[in-house]
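To keep things clear, I will list the structure first and then write my remarks on it.
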Amino acid sequence: MSADDFIVTPWHVEGDIDYDKLIKKFGTEKISADLLKRIKENTGEDYFMLRRGIFFSHREMNRILDEYEKGNKFFLYTGRGPSGHTHIGHLVPWMFAKWLQEKFDVNLYFQLTDDEKFYSKQNLTLEETNEFAYENALDFIALGFNPEKTKIIINTRNIQTLYPIAANVAKKINFSNTKATFGFTNETNIGMIFYTSLQSAPCFIEDKPVLIPLGVDQDPHFRLTRDIAPKIGKQKPALIHNIMIPGLEGPGGKMSASDDKGTIYTTDSPNVVKKKINKFAFSGGQQDVEQHRKLGGNPDVDVSYQYLRIFFEPDDARLKIIYDDYKSGKLLSGELKAILIEKINSFLAKHQEKREKAKSQINQFLFENK
Ligand code: TRP
């Protein structure tokens, strides 16, 4: 792989991603100014994740809005592969899903794919991925979803509901399609090969159009789903994609739940957060204070700044001051990190409380097989 190359698949993200190139490669559409305006008209809000391009690409979002404007409701679907504890990067698409759900007043399904992570990770047992599914569900619930309209699907638990849908999907996808889409080889286990039909299944759980907010690495699954949907008499799922959230150690690669150092977990204590950021967060600052004051820092590669932009500082005016001060050298790297540490720790203090409460709420959220 050359320096300006990158890889984005559901199981492997590497390199410095050029999102315009990725849009071309995947054949998705960039979110245009017109679409932003249309979403704003329908929701009454200019949401920062849209405005800042954290969600940057889509497939057929306009069709969802066409239907909605005619009075036809859609539903939302997203998910998580439970390969470890939840880290703060995971919360980005979930928070966006929550915003969409509130604004459009629609149902939401959240799929936890314990089977997938068992198939794709050598070092995890099915018992472990299933335990992580329940752990991750607590973080999802802690964001404040309405249990009347929000259901959590756990693959091994809800297979009875998923399987008939997955069978219809699986029959229409042939091996050469999945192979070409995911780069499977003869050594790939056959669970992986079938798996994409299980990730497709929730798209057809209600007989309505579906909108899926998701990390762009998950797009290939739904490219296949979209191809086969008309063949089983269903509507194609519409998608809205977010960028990959960088790990603490910097650009290139997403925050990985399997690497402790580069990851802030939702259960980390204030002290651990502080240590991780001070020690590992990639800095766009200069070698020493003198140089930094003279030359200024680079917020565009600075991970602390990026976390503020993506998640922790929704106020544009405040974010701009941080940007300008860092760039001019007025704000030092240590000071920028201190701002982020404070933001994350005050977020996590509340989140951890709600996460505790979620333990008694989880049963209201679990999808019941019919
Ligand atoms: N495969 C996804 C992951 O590893 C989990 C997932 C299941 C998902 N269904 C989804 C993600 C729908 C986005 C949208 O995280």
Side-chain angles (χ1 to χ4, degrees), residues 8-13 26 28 54-55 57-59 61 64 74-98 100-101 107-121 124 128-130 132-137 139-140 150-159 161-162 165-166 169 178 181-182 184 191-206 210-226 229 236-245 253-258 263 367:
V8 177
T9 79
W11 298 290
H12 185 62
V13 177
F26 278 8
T28 68
I54 311 308
F55 281 79
S57 151
H58 74 107
R59 292 182 190 268
M61 179 76 190
I64 294 292
F74 59 95
F75 70 98
L76 292 161
Y77 159 44
T78 191
R80 144 103 178 126
S83 56
H85 293 289
T86 311
H87 57 65
I88 54 174
H90 291 130
L91 304 179
V92 170
W94 307 354
M95 281 178 59
F96 183 61
K98 176 155 186 285
L100 289 170
Q101 183 185 41
N107 290 342
L108 165 65
Y109 295 86
F110 185 68
Q111 182 182 38
L112 286 158
T113 56
D114 50 350
D115 55 342
E116 174 197 10
K117 293 297 152 175
F118 171 60
Y119 293 140
S120 70
K121 302 270 178 190
L124 291 175
E128 285 167 332
T129 57
N130 185 254
F132 281 132
Y134 284 91
E135 279 280 306
N136 296 168
D139 290 293
F140 175 79
T150 311
K151 290 297 159 216
I152 297 174
I153 295 169
I154 299 177
N155 280 6
T156 56
R157 183 177 182 273
N158 295 119
I159 193 61
T161 300
L162 298 176
I165 315 175
V169 172
T178 30
T181 306
F182 300 113
F184 291 154
M192 293 285 283
I193 295 162
F194 179 74
Y195 168 72
T196 199
S197 41
L198 277 168
Q199 185 155 326
S200 295
C203 296
F204 309 118
I205 203 158
E206 283 191 28
V210 61
L211 174 65
I212 310 176
L214 76 175
V216 68
D217 59 323
Q218 297 297 316
D219 181 79
H221 285 297
F222 298 109
R223 213 146 68 213
L224 288 173
T225 319
R226 285 170 54 82
K236 295 181 179 197
L239 314 175
I240 182 161
H241 307 98
N242 66 266
I243 58 169
M244 304 317 297
I245 313 303
K254 64 175 168 177
M255 206 189 231
S256 158
S258 338
T263 307
F367 180 88

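Counting starts at 1 for both ligands and their atoms, in listed order. Everything numeric here is computed off the predicted structure, so don't read it as measured data.
By the ring-ring contact (aromatic ring centres under 6.0 Å, His included) test, His58 is found to be paired with no residue, residues two or more places apart in sequence or in another chain being considered. Scored by the side chain to side chain donor-acceptor pair (under 3.5 Å) test, Glu135 finds His85, Arg355 as partners (sequence neighbours excluded).
At a heavy-atom cutoff of 4.0 Å, ligand 1 is contacted by no atom of Phe110, backbone or side chain. Neither the backbone nor the side chain of His221 comes within contact range of ligand 1; no heavy atom lies under 4.0 Å.
In terms of N/O distances under 3.5 Å, ligand 1 is not approached by Thr113. Ligand 1 has no nitrogen or oxygen under 3.5 angstrom from a nitrogen or oxygen of Arg80. Considering backbone and side-chain atoms together, Gly81 places an N or O closer than 3.5 Å to an N or O of ligand 1. Checked against a 3.5 angstrom limit, the closest N/O atoms of Glu116 and ligand 1 fall inside it.
Between Phe110 and Phe140, the two ring planes are parallel [angle under 30°; tilted spans 30° to 60°].
The contact set between ligand 1 and Leu214, taken as ligand atoms under 4.0 Å from a residue heavy atom, comprises 13 (C), 14 (C). In summary, the atoms of ligand 1 found under 4.0 Å from a heavy atom of Ile212, numbered by their order in the structure, are 14 (C). Heavy-atom contacts of Lys117 reach the following atoms of ligand 1: 4 (O) (cutoff under 4.0 Å).
Gln111 places a side-chain N or O within donor-acceptor distance of the main-chain N or O of Leu198, the cut-off being under 3.5 Å. Without hydrogens or angle criteria, Asn130 side chain to Thr156 main chain gives no donor-acceptor distance under 3.5 Å. For Thr78 (side chain) and Pro213 (main-chain N/O), a donor-acceptor pair under 3.5 Å exists by modelled atom type.
Under a 4.0 Å heavy-atom criterion, Trp11 is not in contact with ligand 1.
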Hey, mind stepping through Asp219 and Arg59 against salt bridge (charged side-chain N to carboxylate O under 4.0 Å, His left out) and telling me if it holds?
CA-CA 10 Å; Asp219 181 79; Arg59 292 182 190 268; 2.7 Å; yes
